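No hydrogens, no waters, no symmetry mates; every other heavy atom, side chains included, goes into these values. Remember, it's a predicted structure, so these values are computed and weren't measured experimentally.
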Amino acid sequence: MERHSLPDDETTRRTRSRRPRRRTVLIATALVLSLAAGTAVAARGGFLPFGNGCADPAVRVDLAVSPDIAPAVRAVADQARRDGVSSAGHCVDIRVDARANHEIADALANGTTAPEYAEYEVWLPDSDIWVERALDSGGGIALTPVGNAATTPVTLAALPPAATRLGWPGKTYTWGELASATGGGTGGAVRIGAADPARSAAGLLAFSSVVESLGKADPDSGAPIAATAKALAARASDSDGRVVDSLTPGGPDEGAPANEAVFLTEQAAFTHNSANGAGSALRLFYPTDSAPALDYPLNLVNEPELTPDERRAATRFMSLLNEDGARDVMAEHGFRTAYTAVDDGLVRLAGGRAPQPYALTKAQPPAAELVAQTLGVWTVTVQNSRLTVVVDASGAMAGAAPGPGGTTRMEATKASMVRALGALTPQDEIGLWDFGTGGAASFREVSGTAPLGERAKGVGATHREAITDAFSALTATGTGPAPASGMYDATLAAFKDAQASYVSGKSNAVVLLTAGPASGGSARTALVDELRRIADPRRPVPLIALALGPDADRAELHEIARITGGAGYAVDDPADLQAVMTEAIMSVARGTA
């Protein structure tokens, strides 16, 4: 198996291509690069006074910097101020402000002009992920990339007892194997946590690597990916700064849940181990199948609006960050740089040991599309679900399900749905409708959509118990499929109900299960026209249509479902229903349905 390390002088280049930007940004980029080149030439020729003798006033440049690298950048800035580093005769006065990466990214994407965000000339987040988020809107503030300040790999950091149980340092793992070996936080050998991937690039890159690794090992990996996401969410920290605090040697018997291992950068482990005794020093696992890294990209903010002096001063400081003195400062703070070999001493203090593959070959982070899709998977998985399930109760469901035992499609469907209910939390909401039990327009709401942990007034049972009984009581009626109009009417009624009772912050969807064929005609046309009229992207309720058995028309269901942002899926064996539903919901979240 190939072994991986962190980016070297080649791999620190951006591997994700940027979307085309406005012409002014391209001109700005060329201007900055020419300024940088001119500064370098002048420096080599001795034309710029990079020492004393600065003209007044100094040129101030404000940097918004990722909190983890802010102390190192501030140390370089302070030394530059003491040394009288200058550009075009003016001293460079660099001010460093540690700001949360996701907050700056969202503000820039929205084109925020509030002083607290517009005052920065340079932005240094921990990952290009945030730059892509800031640029996604296409109408925000322009960003001009000008190199990278440092790198650090994303690893799994474990407390010594947990690391020993996992075989550290001799045993190596892929990301997927690590998730499986730890139980994904679901009660396996090690309790594992992470920083929230919606707020942490390290958490997102680690989870993306797990998703990619599990997917390569098993194409039908939707269920374990969702289970891992749910488990990580239960132990997630709201920021990178707090994820280390979640590590304690205590177990469940000593009170609140505590993590024994977390997804963490090498630099964060270095900082922790430097401040703590050997007994609590973290041990690092470097997965063998990929080595995502934070890459600390430097960007000029709204470069066309900067003055020439500001551009030169900002460029001078960014070039300073790649000089020997600054690289030494970065190493002292636990960071790797592009132009030096991996420091074994740094890795050792951070908790790495051979044969963990921390420094042997080039590595690539997850592709940009995978990272974006994984964030969608995380969002929809960790959010509680609100599902309105519409079940075909016609005679078509009385057909035999695949496999031995003579089970009908209805019986297999009911068993699968009851198993699915067992995996949901008390905050998840489920409702049940059925159709095909009578005439052409026959459908009914069997049980309203409500949280599974809720108790109805005057009734001791929870909604989980009530709806489990409702699913168990479903029966296939008659000898043939329901009329198409009945299915279409039931679908529209359930969709309208789900839309009217939409709950923000939850993953709302309508799930249609049918075994009978559909047909065209006026009923289908009416459904399609009405869905197009009322579907609202601000309150999305995707229709997930599951075609059970060979008679159901998956293609037609797909055409109808995609109007709502959903999709149609074929389910050959109702026993596979739970896995297909999980994959369907994840596909909708990824935008790949």
Would you kindly say whether Asp309 and Thr307 are connected by a side-chain donor-acceptor distance under 3.5 Å? no
Out of curiosity, Ile104 CD1 to Arg133 CZ, how far, rounded to the nearest 0.5 Å? 12.5 Å
Closer than 3.5 angstrom, by distance alone: can the side chain of Thr174 be matched with the main-chain N or O of Thr288 as a donor-acceptor pair? no
Could you go step by step and tell me if Thr152 and Tyr296 meet the side chain to side chain contact (heavy atoms under 4.5 Å, CB included) rule? CA-CA 9 Å; Thr152 189; Tyr296 299 93; 3.8 Å; yes
Between the side chain of Thr265 and the main-chain N/O of Ala268, is any donor-acceptor distance below 3.5 Å? yes
Is the side chain of Trp175 donor-acceptor paired with the backbone N or O of Ser290 at a distance under 3.5 Å, no angle test? yes
Val503 and Asn508: side chain to side chain contact (heavy atoms under 4.5 Å, CB included), yes or no, with the steps? CA-CA 7 Å; Val503 176; Asn508 297 252; 4.3 Å; yes
Would you kindly say whether Arg353 and Gln356 are connected by a side-chain donor-acceptor distance under 3.5 Å? no
Backbone N/O of Leu284 and side chain of Tyr358: donor-acceptor pair under 3.5 Å: no
Would you say Ser246's side chain and Arg242's backbone share a donor-acceptor pair under 3.5 angstrom? no
Side chain proximity check, Arg74 to Val65, heavy atoms < 4.5 angstrom: no
Gap between atom OG of Ser200 and atom CG of Leu294 - 0.5 Å precision: 7.5 Å
Main-chain N/O of Ser66 paired to Asp126 side chain as donor or acceptor, under 3.5 Å: no
Assess whether side chain to side chain contact (heavy atoms under 4.5 Å, CB included) is satisfied between Leu143 and Leu108, documenting all intermediate values. CA-CA 9 Å; Leu143 296 171; Leu108 293 175; 3.9 Å; yes
In the structure I gave you, are the side-chain heavy atoms of Val85 and Ile94 within less than 4.5 Å of one another anywhere? no
Side-chain contact, heavy-atom cut-off 4.5 Å: Val131 with Trp123? yes
Please identify each residue that fulfils side chain to side chain contact (heavy atoms under 4.5 Å, CB included) with Ala158, with sequence neighbours left out. Ala162, Ala163, Ala261, Phe285
Report the distance from atom CG of Asp245 to atom OG of Ser237, rounding to the nearest 0.5 Å. 7.5 Å
Does any N or O in the side chain of Lys216 come within less than 3.5 Å of the main-chain N or O of Gly176, such that one atom is a donor and the other an acceptor? no
Arg95 atom CZ: more than 12 heavy-atom contacts under 6.0 Å: yes
Do you know which two heavy atoms are closest between Arg99 and Ala64, and how far apart they sit? CG-CB, 4.4 Å
Go through the steps to decide whether Glu212 and Thr374 satisfy the test side chain to side chain contact (heavy atoms under 4.5 Å, CB included), and finish with yes or no. CA-CA 9 Å; Glu212 183 176 38; Thr374 302; over 6 Å; no
Nearest heavy-atom neighbours spanning Leu321 and Ala149: CD1-CB, 4.4 Å
Tell me, which pairs form a side chain to side chain donor-acceptor pair (under 3.5 Å) where one or both residues lie in residues 161-170, sequence neighbours left out? Arg165-Glu260
Would you call Val347 and Arg336 a side-chain contact if the rule is heavy atoms closer than 4.5 Å? yes
Any salt bridge linking Glu323 with Arg316? Criterion: basic side-chain nitrogen under 4.0 Å from a carboxylate oxygen. yes
For Asp343, check salt bridge (charged side-chain N to carboxylate O under 4.0 Å, His left out) against everything at least two apart and list the hits. none
I need the minimum non-hydrogen distance between Asn273 and Ala350, along with the two atoms involved. ND2-O, 3.0 Å
Residue pair Arg312, Glu121: steps toward the salt bridge (charged side-chain N to carboxylate O under 4.0 Å, His left out) verdict: CA-CA 11 Å; Arg312 282 190 287 263; Glu121 285 78 41; over 6 Å; no
Closest heavy-atom pair and its distance - Pro197, Leu375: O-CD1, 3.9 Å
Any side-chain heavy-atom pair of Val122 and Asn299 under 4.5 Å: no
Between Gly352 and Tyr286, what is the shortest heavy-atom contact and its length? CA-CE1, 3.9 Å
I need the Ser87 OG to Arg311 CZ distance, nearest 0.5 Å. 12.5 Å
Just wondering, do Val154 and Ser209 contact through their side chains at under 4.5 Å, heavy atoms? no
Phe263 vs Val210 side-chain heavy atoms within contact, under 4.5 Å: yes
Side-chain heavy-atom pair Leu124, Leu298 within 4.5 angstrom cut-off: yes
Could you pull out the closest heavy-atom pair between Gln267 and His333, with the gap in Å? NE2-O, 2.9 Å
Could you state the interatomic distance from OG (Ser208) to CD1 (Ile129), rounded to the nearest 0.5 Å? 6.5 Å
Between Arg539 (side chain) and Pro537 (backbone), is there a donor-acceptor pair under 3.5 Å? no
Using 0.5 Å steps for rounding, measure from the CG atom of Leu63 to the CZ atom of Phe317. 6.0 Å
